[in-house]
Amino acid sequence: WYSFFQRLGRNNVYPVKGNHELFDANAPGPPDRTREMQEKYKDVISRLYPHVSNAKTLRNTDYQSLAYYFTHRDAFFVVFDSNYMRPGAPPIGGIGGKDISQVTPEQIDWFTREVATSDEYEKAKFHFAICHYTLNPSLETPKQFNLVLLNLLLEYKFDAIFGACEHLYTDRFNFTTVKGVEYHTP
């Protein structure tokens with residue numbers, strides 16, 4: 001993924017970490033999702049896209065470049081890390097390994113305390129949420145904290161929620177509307 005980000009250049013890219021960015025392809029044996037790869041990802045993003053590192057993020061610096069929010073014109077965007085690996089976390093097996101596909105309680109607390117009460121949120125006309133794993137309740141059985149986050153986004157009247165891990169490949173853009181919110185998946 002490093003070479004992919006390099007090829008994008010210094011454009012205003014706002015990446016969202018997925019589960020594949022945690023795989024160490026150079027490790028012997030089957031790929032594991034590792035904390036070390038998360039740190040490498042954060043380092044690459046901070047060097048290639050300083051605007052992401054400087055975006056408003058959780059005060060816990062461990063989330064730097066992983067969970068953040070920003071505005072563009074009259075639109076407000078919040079990015080959640082649904083693949084966060086805590087400090088000291090052991091490697092997690094790849095396919096069939098332990099499931100970590102949910103937003104953490106710290107991110108939900110951050111959203112309610114800081115993000116949804118920010119001036120940027122209040123002033124924006126449009127509100128968008130982005131995370132790797134979809135929060136769309138019609139596509140998967142959401143995890144506990146994903147449901148909490150989904151209900152908060154509905155409460156705060158977000159216009160659309162973008163997720164990408166459903167792997168619904170088609171020549172059309174897929175979206176579903178649930179409770180007045182559009183859920184977009186590729």
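Remember, predicted model here, so these are calculated numbers, not experimental data. Residues: numbered from 1 along the sequence shown.
Scanning both residues, I108 and L149, for their nearest heavy atoms gives CD1-N, 4.2 Å. Nearest heavy atoms, L66 versus V79: O-CG1, 3.9 Å. L153 and A129 get closest at one heavy-atom pair: CD1-CB, 3.7 Å. Scanning both residues, A116 and E122, for their nearest heavy atoms gives O-OE2, 3.8 Å. The nearest pair of heavy atoms linking A124 to A75 is CB-C, 4.2 Å.
With respect to E120 and K56, a salt bridge is recorded, a charged nitrogen being found less than 4.0 Å from a carboxylate O. With respect to the salt-bridge test (charged N to carboxylate O, under 4.0 angstrom), the residues R113 and D109 qualify.
The distance from atom OH of Y156 to atom OG1 of T112, rounded to the nearest 0.5 Å, is 6.5 Å. Rounded to the nearest 0.5 Å, atoms CD (E106) and CG (D81) are 11.0 Å apart.
Panel note: side chain D159, backbone H127; a donor-acceptor pair is recorded below 3.5 Å.
Ring pair F70/Y14: centre-to-centre distance below 6.0 Å.
When each of F80, Y121, F76, F111 is checked for a side-chain contact (heavy atoms from CB on, under 4.5 Å) with Y69, only F76 meets the rule.
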Is there a side chain to side chain contact (heavy atoms under 4.5 Å, CB included) between T71 and K123 once you walk through the steps?
CA-CA 10 Å; T71 58; K123 292 176 184 175; over 6 Å; no
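In this structure the side chain of W110 reaches within 4.5 angstrom of the side chain of V78, judged on heavy atoms. Using a 4.5 Å heavy-atom cutoff, the side chains of I45 and K17 are not in contact.
Residues satisfying the salt bridge (charged side-chain N to carboxylate O under 4.0 Å, His left out) test with E39, not counting sequence neighbours, are R35, K42.
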